[in-house]
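Per chain, numbering begins at 1; letters A, B, ... match sequence-line order. Note that the structure is predicted; figures quoted are calculated from it, not measured.
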Number of protein chains: 2
Amino acid sequence: MTVIFSKKCEYGLQAVLYLSTLDEGRMASAEEISRKLSIPKEFVSKILQSLTAKKLVKSRKGNSGGFYLGKPASKIKLIEIVDAIDGLALFNSCVLGFPDCSPDEPCPVHNKWGKLRSSAYEMLTAETLEHFKKKTIAKINRIGKKK
Amino acid sequence: MTVIFSKKCEYGLQAVLYLSTLDEGRMASAEEISRKLSIPKEFVSKILQSLTAKKLVKSRKGNSGGFYLGKPASKIKLIEIVDAIDGLALFNSCVLGFPDCSPDEPCPVHNKWGKLRSSAYEMLTAETLEHFKKKTIAKINRIGKKK
DNA sequence: TTTTAATCAGATTAATTTATCTGAATAATA
DNA sequence: TATTATTCAGATAAATTAATCTGATTAAAA
């Protein structure tokens, strides 16, 4: 069950949030991320590869290699990850699936949805990964507990 | 590109909105709905069949048969269609895909998303099809114009 | 230098969602 | 009664998304 993002994007967001909790200079292998987040290793690896191509994440090959953020957590916003994986069409499409939904040709819920969409966009744009760090750590620790 | 509902659900919502614009006693064939909304006939037919099973829509077989609302437009809310097709898990799932997201174990955007989710739910619950009638007619007429 | 553990790339498979097809049953109407 | 246009049911196909596999390359460390 996905809410508004694809699984790929959800996992990407989780993984990047996880990387943002690492101490300065540390990196995490796909195996570690997979284990900590309970998501398929090969899949998260593939997703991080694609983020690497877009410079949001960096990687080092070989023994003791892994993934780490491409720039400081204080300079990355969630929307960048969404854009890189799912794109931003979400913020431009009619929630009822009508074609050409716009202020000129609004669907029946156009105005109401418009406000929600703006808030959602804002949620992903207002803060950086740095801001989410504490909450991320708390959440991820709990995932561990369940296993 | 789908925003929060599946294509099936988007088409279902559109079709039911369309049925709500019909004059008293009229019904619409799958072919008519397909043509007016520019959506695949077989697919919308299948979706309406499933809504028929849930009594939201009624159908009549044979020549000049078709689909019509199962109860007055003033008694149907959009959320009923969503529930019948996609279910309501959407309103209970973590937007970042974390497991067991709750006030006790919140994900980093839990609170912000919670508000959005409530507004979205409200958008689908507050008004009946009757309320959307005018807007629906305006929107559907425009789809016709484009063809 | 050898071993080991990692990323990377690309192919493949699996699962899910979306869409179409076919044939039977039904009912209005000519 | 014959014709026609429809729903209905179920099978199938196509497309998309999610997940896995394999082999090559890389680099740290023994």
message: Could you tell me how far apart I47(A) (CD1) and dA9(C) (P) are, to the nearest whole angstrom?
response: 16 Å

message: Rounded to whole Å, please give me the gap between CZ in F43(B) and P in dT16(D).
response: 13 Å

- line: Per nearest nucleotide of DNA chain D, the residue lying toward the 5' end, P40(A) or E31(B), is E31(B)

- request: Tell me whether F5(B) is reachable from I79(B) by hopping between hydrophobic residues (I, L, V, M, F, W, Y) whose side-chain heavy atoms are closer than 4.5 Å.
  value: yes

query: dT17(D) P sits how many Å from E10(A) CD, rounded?
result: 14 Å

- prompt: CE of M27(A) versus P of dA5(C): gap in Å, rounded?
  reply: 17 Å

field: Cationic N near anionic O, under 4.0 Å, E130(B) to K133(B)
entry: no

message: Output the rounded distance in Å from CZ (F67(B)) to C1' (dT7(D)).
response: 6 Å

message: Show the nearest heavy-atom pair for residues S20(A) and L69(A), with the distance to one decimal.
response: CA-CD1, 3.7 Å

- request: Measure from the side-chain heavy atoms of S6(B) and tell me the nearest of dA18(D), dT18(C), dC21(D).
  value: dT18(C)

task: Apply the side-chain contact (heavy atoms from CB on, under 4.5 Å) test between E80(A) and each candidate in K71(A), K75(A), K55(A); give the one that qualifies.
output: K71(A)

Gap between atoms CG and P, on D86(A) and dT16(D) respectively (whole Å): 15 Å

- prompt: Which nucleotide in the list dA9(D), dT7(D), dA6(C) gets nearest to the side chain of K46(B)?
  reply: dA9(D)

- line: Testing dA9(C), dT18(C), dT7(D) for proximity to the side chain of K8(B), the answer is dT18(C)

field: Y11(A) side-chain N/O to dA19(D) phosphate OP1/OP2 under 4.0 Å
entry: yes

Crowding at NZ, K112(A) (>12 non-hydrogen neighbours, <6.0 Å): yes

message: Can you tell me which residue among L13(B), L129(B), L78(B), T136(B) is in a side-chain contact (heavy atoms from CB on, under 4.5 Å) with P108(A)?
response: T136(B)

- request: Using atom NZ of K7(A) as one end and atom C1' of dT17(D) as the other, report the distance to the nearest whole Å.
  value: 11 Å

Pull out every protein N or O sitting under 3.5 Å from an N or O of nucleotides 25-30 of chain D, one pair per line with the distance.
residue : atom : partner : partner atom : Å
dT26(D) : O2   : G62(A)  : N            : 3.3
dA28(D) : O4'  : N63(A)  : O            : 3.4

- prompt: Salt bridge between R26(B) and E32(B), side-chain N to carboxylate O under 4.0 Å?
  reply: yes

- request: Look at all strands and tell whether K41(B) reaches a base, only sugar-phosphate, or nothing, counting heavy atoms closer than 4.0 Å.
  value: nothing

- prompt: Rounded to the Å, how far apart are I33(A) CD1 and dA19(D) P?
  reply: 16 Å

